[in-house]
Amino acid sequence: MSIELVKPGSEPGMEAVYHQEFSVRYDYPVHFTEHLFARDNPVFVQSIVRREPARRHRLVVFVDSNVAASWPTLVHDVAAYAEAHAESLELAGRPEVVAGGEHVKNDPALVTSLQRRLVELNVDRHAFVVGIGGGAFLDLIGFVAATTHRGIRHIRVPTTVLGQNDSGVGVKNGINAFGMKNLLGSFAPPFAVLNDADFLRTLHPRDKIAGIAEAVKVALIRDGVFFEWLDANAQALRECAPAAMARMIRRCAELHMRQIAHGGDPFETGSARPLDYGHWSAHKLEGLTGHELRHGEAVAIGLALDTRYSVQVGMLAPGGEERVYNLLKRLGFYLWHPAMETRDEQGRMLILRGIEEFREHLGGELNITLLRDIGRGEEVHAMDNNEILHAMAWLRRKETGQ
Ligand SMILES: NC(=O)c1ccc[n+]([C@@H]2O[C@H](COP(=O)([O-])OP(=O)(O)OC[C@H]3O[C@@H](n4cnc5c(N)ncnc54)[C@H](O)[C@@H]3O)[C@@H](O)[C@H]2O)c1
Ligand SMILES: [Zn+2]
């Protein structure tokens, strides 16, 4: 802060401006491990005590109900882990199982009840909130933590592919409201992210594959070599071979983290959405299908569409759209949904509204990433509706033959 001091003897004027300035440094580890709650795995306890090793730390642990159902000993394992490290960890209560899945982001009453729960457990700003679950669940828990006591530190344990390679490693959280996705939320970097590959074994096959779409996305806009690797390993990824999945997740997480740390706008104050390639239609489509499509499945359609569009408008060399389409197919995606063509009463395609909604989310100028090359995204500020409809017709023909 720089303050202009009043000279001795002179009267302060009526007007003054003090320039306030400070910066806050964020850092958090993103671990990749297995058997996170095995007693001899030090990752969890070390992540918590890393700033204050001599203290005993209080924790509240919330577990996604679908994860708890697939891992019946998990609640017990977490409690036993805390017991085994009792000199450093103290659970504020037994780990609590809370509903998981996208619908939890549509339930404001759940936010209130979890905030109340934190108050009942006397959780203060020295404690930690730990969320173990899918991307939707962690968005909810992160929001609850960020808004209680103006921000309690939270630890994310993502249990889905998408959570581990994308949403869990970032700085955002939030819930859906007033019919809009992620409308209420905050930028609140986690205290630590602990990715345990073991959890992925019980994921629904659809969710395993869906998360790979984010890797294709980030490869397309940032890393052509990674795209080649995905292409060469498509079969292993489709079968969710652990080694291939682990490599895919790490590279994808790394590219997302790099963008947040070095992209110059971690809290998205500008209007650019550099990691949202293929997302303007994906977000709209998720809604149009009543969330029948997983986020990653909708993103895969969005990628195919915007890659074809990039070719049509002369940005990407012809053939690129076939490469992307073929990779997505080999990974196991179905790239069409009848809801794509939902129309309003005037006969206008609702999907096209996705562009305006995309702009509105950050405000300011429209910024859409398209492809200049495989591995190189480029921002544009307008899209042509007719070209979009052509790209849709191309995709529909490829998938349905009509
Ligand atoms: N915060 C961000 O920066 C960010 C970025 C991208 C996406 N997102 C959000 O992430 C959400 C999607 O996350 P997702 O793809 O992880 O879906 P999800 O959280 O809905 O999980 C999918 C399903 O799998 C269940 N599940 C989770 N882990 C499991 C496991 N190990 N075994 C068995 N079942 C399990 C969940 O309960 C859910 O029913 C969306 O809401 C999206 O908006 C957030
Ligand atoms: Zn996404």
Side-chain angles (χ1 to χ4, degrees), residues 36 62-72 74 97-107 131-143 146 154 156-177 180-190 193 195-218 221 240 245 249 252-253 256-257 259-260 266-268 273-283 285-287 291-303 358 361 369:
L36 180 64
F62 293 118
V63 184
D64 181 319
S65 56
N66 297 312
V67 179
S70 300
W71 297 85
L74 180 61
V97 177
V98 178
E102 182 69 26
H103 63 98
V104 303
K105 289 178 63 174
N106 296 323
D107 183 1
I132 306 175
F137 184 78
L138 296 188
D139 273 3
L140 165 74
I141 298 300
F143 181 56
H154 72 285
R156 299 195 193 137
V157 182
T159 58
T160 60
V161 172
L162 194 131
Q164 295 192 358
N165 73 6
D166 178 347
S167 72
V169 305
V171 296
K172 298 188 272 187
N173 54 58
I175 57 166
N176 310 329
M180 270 179 265
K181 231 180 120 68
N182 303 325
L183 184 78
L184 305 182
S186 59
F187 289 93
V193 182
N195 285 336
D196 179 343
D198 224 21
F199 280 121
L200 306 181
R201 287 199 285 118
T202 58
L203 263 185
H204 191 285
R206 267 181 79 179
D207 287 306
K208 286 189 192 168
I209 300 294
I212 307 175
E214 300 288 3
V216 176
K217 169 203 77 179
V218 77
I221 56 178
C240 302
M245 289 300 272
I249 287 170
C252 183
H256 279 84
M257 288 169 67
Q259 177 65 39
I260 292 165
F267 293 168
E268 300 179 4
R273 300 177 61 172
L275 289 175
D276 280 352
Y277 179 52
H279 277 55
W280 70 264
S281 57
H283 281 154
L285 196 53
E286 279 179 78
H291 296 285
E292 198 270 309
L293 280 186
R294 312 287 213 262
H295 176 72
E297 293 170 338
V299 168
I301 294 176
L303 297 178
F358 196 76
H361 189 67
T369 302

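Counting convention: from 1, in listed order, for ligands and their atoms alike.
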Per-atom contacts, ligand 1 versus [X] - under 4.0 Å to a heavy atom:
| X | result |
| --- | --- |
| Lys172 | 1 (N), 3 (O) |
| Asp207 | 22 (C), 23 (C), 24 (O) |
| Ser70 | 32 (N), 33 (C) |
| Thr160 | 14 (P), 16 (O), 21 (O), 27 (C), 28 (N) |
| Lys181 | 40 (C), 41 (O), 42 (C), 43 (O) |
| Gly101 | 20 (O), 37 (O), 38 (C), 39 (O) |

>> Checking Asp166 against Lys217 for the side chain to side chain contact (heavy atoms under 4.5 Å, CB included) test, could you report, in this order, the C-alpha distance in whole Å, the side-chain angles of both residues, the deciding distance, and whether it holds?
In response: CA-CA 11 Å; Asp166 178 347; Lys217 169 203 77 179; 3.7 Å; yes
> Would one find an N or O of Asp64, backbone or side chain, under 3.5 Å from an N or O of ligand 1?
Replying inline: yes
>> So for ligand 1, is Val67 a polar contact partner (N or O within less than 3.5 Å, distance only)?
In response: no
> Taking atom CG of Leu138 and atom NE2 of His154, what is their separation to the nearest 0.5 Å?
Replying inline: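 The distance works out to 8.0 Å.
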>> If we set the cut-off at 4.0 Å for heavy atoms, which region of Leu138 has an atom near ligand 1: side chain, backbone, both, or neither?
In response: neither
> Side chain or backbone of Thr159 under 4.0 Å from ligand 1, or both, or neither, by non-hydrogen atoms?
Replying inline: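 Both of them.
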>> Could you walk me through whether Trp71 and Arg201 satisfy the side chain to side chain contact (heavy atoms under 4.5 Å, CB included) test, starting with their C-alpha distance in whole Å, then the side-chain angles of each, then the deciding distance to 0.1 Å, before giving a yes or no?
In response: CA-CA 10 Å; Trp71 297 85; Arg201 287 199 285 118; 3.6 Å; yes
As a check for students: among [options], identify the option with a heavy atom nearest to [atom].
| atom | options | answer |
| --- | --- | --- |
| atom 30 (C) of ligand 1 | Val169, Asp166, Asn173, Thr202 | Thr202 |
| atom 18 (P) of ligand 1 | Ala136, Ser167, Gly174 | Ala136 |
| atom 26 (N) of ligand 1 | Leu203, Leu275, Leu74 | Leu203 |
| atom 15 (O) of ligand 1 | Ile175, Asn165, Leu162 | Leu162 |

Measure from the side-chain N and O atoms of [X] to the backbone N and O of [Y], and report whether any donor-acceptor pair falls under 3.5 Å.
| X | Y | result |
| --- | --- | --- |
| Arg273 | Phe358 | yes |
| Asn182 | Ile175 | no |
| Arg156 | Gly170 | yes |
| Ser65 | Gly100 | yes |

>> So, 4.0 Å and heavy atoms of Arg294: is ligand 1 close enough to count as a contact?
In response: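 Flag not set, Arg294 not near ligand 1.
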Nearest to [atom], what protein heavy atom do you find, and at what distance?
| atom | answer |
| --- | --- |
| atom 1 (N) of ligand 1 | Asp139 OD1, 2.9 Å |
| atom 40 (C) of ligand 1 | Glu102 OE1, 3.2 Å |
| atom 31 (N) of ligand 1 | Phe199 O, 2.9 Å |
| atom 39 (O) of ligand 1 | Asn66 ND2, 3.1 Å |
| atom 13 (O) of ligand 1 | Gly135 CA, 3.3 Å |

>> Let me check your reading of the structure: within less than 2.8 Å of the Zn ion (ligand 2), is there an N/O/S atom from Asp166?
In response: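 No - counting backbone and side chain alike, Asp166 has no N, O or S atom under 2.8 Å.
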Could you tell me if [Y] and [X] have a donor-acceptor pair between their side chains, going purely by distance under 3.5 Å?
| X | Y | result |
| --- | --- | --- |
| Lys181 | His291 | no |
| Asp196 | Thr159 | no |
| His295 | Glu214 | yes |

Determine the minimum heavy-atom distance between [X] and [Y], stating which atoms define it.
| X | Y | value |
| --- | --- | --- |
| Glu268 | Lys172 | OE2-NZ, 3.0 Å |
| Tyr277 | Thr369 | CD1-O, 3.0 Å |
| Asp207 | Arg294 | OD1-NE, 2.8 Å |

> His279: which N/O/S atom is nearest the Zn ion (ligand 2)?
Replying inline: NE2
> Yes or no on side chain to side chain contact (heavy atoms under 4.5 Å, CB included) for Leu36 and Ile132, after CA distance, side-chain angles and deciding distance?
Replying inline: CA-CA 11 Å; Leu36 180 64; Ile132 306 175; over 6 Å; no
> At the Zn ion (ligand 2), what angle lies between atom OE2 of Glu214 and atom NE2 of His295, rounded to 10 degrees?
Replying inline: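 With the Zn ion (ligand 2) as the vertex, the angle is close to 90°.
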